**Q** 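Before I ask anything, let me first share the structure, which is written out below as structure tokens.
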Amino acid sequence: MILALESSCDETAVAIFNPAHGLVGEWVHSQIALHEAYGGVVPDLASREHLSHIGPLLQQALASVPAGTISKIAVTNGPGLAACLAMGLSAAKSLGLAWHVPVTGVNHLRAHAFSPFITLHAANPTTFDAEFTRLLPHLGLLVSGGNTALFSLDVPRRIRPLASTLDDAAGEALDKGAKLLGLGYPGGPQVEQLAATGNAAAFAFPKAVARRASLEFSFSGLKTSLRYQLEKMAPAEIERRRADLCASYQCAVFEALVRKSKLALEGGGYRSFGLSGGVANNMTLQGELTIMTKAQGVTFLRAQPQHTGDNAGMIAFAAWAERETGGVNEAGLALEIAPSLPLAVT
Ligand code: AMP
Ligand code: MG
């Protein structure tokens, strides 16, 4: 069984994965409430919070399996906040040393890339390898607070980045837009909630695309156009039209995601499309991608809500799924933090 630890940003998480059955359990402590007052993650507070929660979470997790059954420890070694990553690494190394069990470093972004396949494994662990191979080549869209990436995953489980964002990440664009609209942090879920009763065609925001034919994303112009729009409106009008503003703004963000994904799928010979990261929780985005992938004739896989944000379940799963691909770091006790680790080398 694999014990996984995740502490790259504002979630302290532990998971235990049994390759023959799936995830045995997942334990998370979210720091959202702590950082809310500051409108974003405060690194020093975050690392202290990891320090106070990682012990109790490990205690709970380890109480659920017989002693001596952990044969590998997986830990996020990047990308993320240095002081936060260090907390997970030192806990993982201590356990590895005490138990004489190998410690493997997992790339958080690659773990997101594999997260849409967790349910496929859980449905039938014995046929996973064959089913997984049948779904390749795969196009992935990773949309989170810090990343926006389109990448391909092909037969030898190799990840090739195809596009990223020139400025803000998709989740960041939603969070910044929400802030301009006077909503709390994180903004994505609040924008979704308000957008549900709004009219997406009420305001014509520019579609967040860099160049039409390019796969790259760009969201900063969209955010600026929301600011200009709000400057033209009286506070009472903004209040009255907040749902329409949310729906139109969210629509522009998703238009870019769907359009670029479609562009990448066309002629790419892909068999499946995967959606991962925090923004994957959005039901409007899920709906639009369901329609688009159906029209393109590819299987749509998405990470489940417990695996979209930061979580250790995907770290454990990636440690297993990447065991023979070179995508994980086997440095063991010499493992170092890699705050700017990329999804893959281009
Ligand atoms: P992550 O960076 O993966 O932890 O995800 C956090 C990001 O996902 C933040 O930018 C959130 O605003 C965004 N997010 C979470 N839930 C939703 C949702 N339902 N709709 C849109 N964005 C969301
Ligand atoms: Mg998070």
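Values below: all heavy atoms of this structure, side chains included; hydrogens, waters and symmetry mates excluded. Every number for a ligand or one of its atoms is a count from 1 in the order of the listing. Owing to the predicted nature of the structure, the values given are computational and were not obtained by experimental measurement.
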**Q** Does Glu192, backbone or side chain, put an N or O under 3.5 Å from an N or O of ligand 1?
**A**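 By distance alone, the answer is yes.
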**Q** Please confirm whether Gly145 comes within less than 3.5 Å of ligand 1 when only nitrogen or oxygen atoms on both sides are compared.
**A**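 Min N/O separation from ligand 1 is below 3.5 Å for Gly145.
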**Q** Numbering the atoms of ligand 1 from 1, which are under 4.0 Å from a heavy atom of Ser144?
**A**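 Counting from 1, the qualifying ligand atoms are 1 (P), 2 (O), 3 (O).
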**Q** Looking only at distances, please establish whether an N/O atom of ligand 1 is found under 3.5 Å from an N/O atom of Asp175.
**A**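 N/O-N/O distance under 3.5 Å: yes.
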**Q** Aromatic rings Phe17 and Phe317: how do their planes relate, parallel, tilted or perpendicular, breaks at 30° and 60°?
**A**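 Rings of Phe17 and Phe317: perpendicular, as their planes differ by over 60°.
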**Q** Between Phe205 and Leu245, is any pair of side-chain heavy atoms under 4.5 Å apart?
**A**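 With C-beta onward as the side chain, the pair touches.
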**Q** Between Leu174 and ligand 1, find which residue part has any heavy-atom pair under 4.0 Å and reply side chain, backbone, both or neither.
**A**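 For Leu174, the contact with ligand 1 is made by the side chain alone.
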**Q** Give me each pair satisfying salt bridge (Lys or Arg N to Asp or Glu O under 4.0 Å) with a member in residues 221-232, each pair once, sequence neighbours excluded.
**A**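 Sorted result for residues 221-232: Asp168-Lys223.
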**Q** Looking only at the side chains, is there a donor atom on one of Asn282 and Gln250 sitting less than 3.5 Å from an acceptor on the other?
**A**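 Gln250 and Asn282 do have a side-chain donor-acceptor pair below 3.5 Å.
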**Q** Would you please determine whether Thr308 falls within less than 4.0 Å of ligand 1 on a heavy-atom basis?
**A**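 Within the 4.0 Å threshold, so yes.
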**Q** What class does the angle between the rings of Phe219 and Phe217 fall in, given that below 30° is parallel, 30 to 60° is tilted and above 60° is perpendicular?
**A**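 If you compare the ring of Phe219 with that of Phe217, the planes turn out parallel.
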**Q** Quick check: does Gly278 get an N/O under 3.5 Å from an N/O on ligand 1?
**A**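 By distance alone, the answer is yes.
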**Q** Need the ligand 1 atom indices (1-based, order shown) with element for anything under 4.0 Å from a heavy-atom of Gly171.
**A**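 Those qualifying, in numeric order: 10 (O).
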**Q** State whether the shortest distance between N or O atoms of Phe254 and N or O atoms of ligand 1 falls below 3.5 angstrom.
**A**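 No: no nitrogen or oxygen of Phe254 is under 3.5 Å from one in ligand 1.
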**Q** Is there a nitrogen or oxygen of Pro186 sitting under 3.5 Å from a nitrogen or oxygen of ligand 1?
**A**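 No: no nitrogen or oxygen of Pro186 is under 3.5 Å from one in ligand 1.
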**Q** As a test of understanding, state which of Phe273, Phe117, Tyr270, Phe132 forms a ring pair (Phe, Tyr, Trp, His ring centres under 6.0 Å) with His138.
**A**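 It is Phe117, the one option of Phe273, Phe117, Tyr270, Phe132 that forms the ring pair (Phe, Tyr, Trp, His ring centres under 6.0 Å) with His138.
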**Q** I need the full list of side chain to side chain donor-acceptor pair (under 3.5 Å) pairs touching residues 114-125, with sequence neighbours left out, sorted by first then second residue.
**A**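 Every side chain to side chain donor-acceptor pair (under 3.5 Å) pair that includes a residue of residues 114-125, provided the two are not neighbours, is Asn124-Thr126, Asn124-Thr127.
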**Q** Are Thr148 and Leu257 close enough, and set up right, to give a side chain to side chain contact (heavy atoms under 4.5 Å, CB included), and what steps lead you there?
**A** CA-CA 9 Å; Thr148 299; Leu257 298 177; 4.1 Å; yes
**Q** Could you list the atoms of ligand 1 found under 4.0 angstrom from a heavy atom of Gly309?
**A**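 So the answer, numbered in order with elements, is 3 (O), 4 (O).
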